[in-house]
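Below is one structure, written out as structure tokens; the observations come after it.
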Amino acid sequence: MSCFPEVVVTLRRAGCVFAEDEATLLIEAAAGDPRRLDVLVRQRVSGTPLEYLLGWVEFRGLRVGVRPGVFVPRQRTAFLVEQAVEGLVPGTSRVCVVDLCCGCGALGLSAATDLTTRGCEVELVAADIDPVAVACARENLAPISAPVFGGDLFDALPADLHGRIDILLANTPYVPSARVADLPPEAREHEPLAALDGGTDGLDVFRRVAEGAAAWLAPGGTVLVETGAEQVDTACSVLAAHGLVPRVAESEEHYATVVLGTRDPG
């Protein structure tokens, strides 16, 4: 199978919405090897995420490496990074950014790249509890010399970050346990359950992040977490209960909802 139209038809029959785009990428990944292309198309038709087959995902203009077993960052999460970058006080020359539950490290890499182009010196640290994700993130963040630590949320972070994190990106799982079965097969059958299942109401990990953020953020620092629209009220109450000032940002373009909690500058 080496003909573009044939690949498109095969993918379309399998239900791929963007069959033409995917065909182009798979043909590129096969590098002129018809047998390799046939294997890739068969894997895609069977439900393997496209990003695993390519070995990368495009996120805010960057090609970020991914591998089987690592959560694939969603395009809607670009809105979270945009909120973090745009929310920085104009004229800030140095910023400490932590990418918690980092997965492949896409959020931290994107934020650091964006801020650096704006003339800001960035200290980026990432962490995840999954060893596969940690290894993947280390490869992606090595070019900018950002360390990646393995461990459970804040337990993974170096002690010297306590009280001085300006931007805390936390792409926590927020799908309620009862709704995980409703996720597309690509997600529930291939991505790690811990990156999808957020507990009874979807906010179990969020609550732990909010509690820790209150102590780990610098004065005026902000934690940003993506949630479902129906979780906003509960999430804001949790942030407020830990002394953080909550705010909600929504994007129709990205179909995304982000809850932010800022520590009192005083």
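As a basis for the values below, the full set of heavy atoms in this structure was taken, side chains included, without hydrogen atoms, waters or symmetry mates.
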Taking atom CZ of R94 as the centre, report whether more than 12 heavy atoms of other residues, nucleotides or ligands fall under 6.0 Å from it.
yes

Salt bridge check: are R118 and E86 linked by an N-O gap of less than 4.0 Å?
yes

D155 CG: over 12 foreign heavy atoms closer than 6.0 Å
yes

So side chain to side chain donor-acceptor pair (under 3.5 Å) across residues 207-222, not counting sequence neighbours, yields D152-R208, D201-R207, T222-T262

Side chain of R247, backbone of L260: donor and acceptor closer than 3.5 Å?
no

Test side-chain hydrogen bond (donor to acceptor under 3.5 Å, both in side chains) applied to E226 and Y174, step by step
CA-CA 8 Å; E226 187 175 284; Y174 61 90; 2.8 Å; yes

Go through the steps for E123 and R164 under the test salt bridge (Lys or Arg N to Asp or Glu O under 4.0 Å), then give the verdict.
CA-CA 11 Å; E123 177 187 4; R164 66 181 190 86; 2.8 Å; yes

With a 3.5 Å distance limit and no angle check, can you tell me whether D128 reaches the backbone of A133 through a side-chain donor-acceptor pair?
no

Is a side-chain donor or acceptor of T257 paired with a backbone partner of G228 at a separation under 3.5 angstrom?
no

Over all atoms of both residues, closest heavy-atom pair of C101 and N171:
CB-O, 3.9 Å

If two hydrophobic side chains count as joined below 4.5 Å and joins carry through other members, does V225 share a cluster with I129?
no

Give a yes or no on whether the backbone of A126 and the side-chain of D99 come within a donor-acceptor separation of less than 3.5 Å.
no

Where the side chain of N140 meets the backbone of V64, is there a donor-acceptor pair that is under 3.5 Å apart?
no

Hydrophobic cluster membership, L107 vs F149, 4.5 Å side-chain cutoff:
no

For the residue pair A19 and R12, what are the closest heavy atoms and their distance?
CB-N, 3.9 Å

State whether D114 and R60 are salt-bridged, where the test is any N-O pair (Lys NZ or Arg NE/NH1/NH2 against Asp/Glu carboxylate O) under 4.0 Å.
yes

Is the shortest distance from a Lys or Arg side-chain nitrogen in R179 or E230 to a carboxylate oxygen in the other one below 4.0 Å?
yes

Could you list the residues that satisfy side chain to side chain contact (heavy atoms under 4.5 Å, CB included) with V180, not counting sequence neighbours?
V175, L183, L193, D197

Donor-acceptor contact present, side-chain T92 to main-chain L88, <3.5 Å
no

Within the distance-only criterion (no hydrogens, no angle test), does the side chain of Q75 pair as donor or acceptor with the backbone N or O of E58 below 3.5 angstrom?
yes

Before accepting this row, confirm whether a basic side-chain N of the pair E191/R74 lies closer than 4.0 Å to the acidic partner's carboxylate O.
yes

Partners of R44 by side-chain hydrogen bond (donor to acceptor under 3.5 Å, both in side chains), sequence neighbours excluded?
E22, E186

Rounded to the nearest 0.5 Å, how far does CG of L26 lie from CG of L11?
6.0 Å

Side-chain heavy atoms under 4.5 angstrom apart, residues restricted to Ile, Leu, Val, Met, Phe, Trp, Tyr: same cluster for V85 and I144?
yes

Evaluation steps, side-chain contact (heavy atoms from CB on, under 4.5 Å), between V97 and V125:
CA-CA 6 Å; V97 179; V125 173; over 6 Å; no

Over all atoms of both residues, closest heavy-atom pair of C236 and V259:
SG-CG1, 4.3 Å

With distance as the sole test, does E139 use its side chain to make a donor-acceptor pair with the main-chain N or O of C136 at under 3.5 Å?
no

Would you check if R138 and V134 make a side-chain contact, meaning some heavy-atom pair closer than 4.5 Å?
yes

If I compare all heavy atoms of P73 with all of A106, which pair ends up nearest, and what's the gap?
CG-CB, 3.8 Å

When you measure from the side chain of T77 to the backbone N and O of L80, does any donor-acceptor pair fall under 3.5 Å?
no

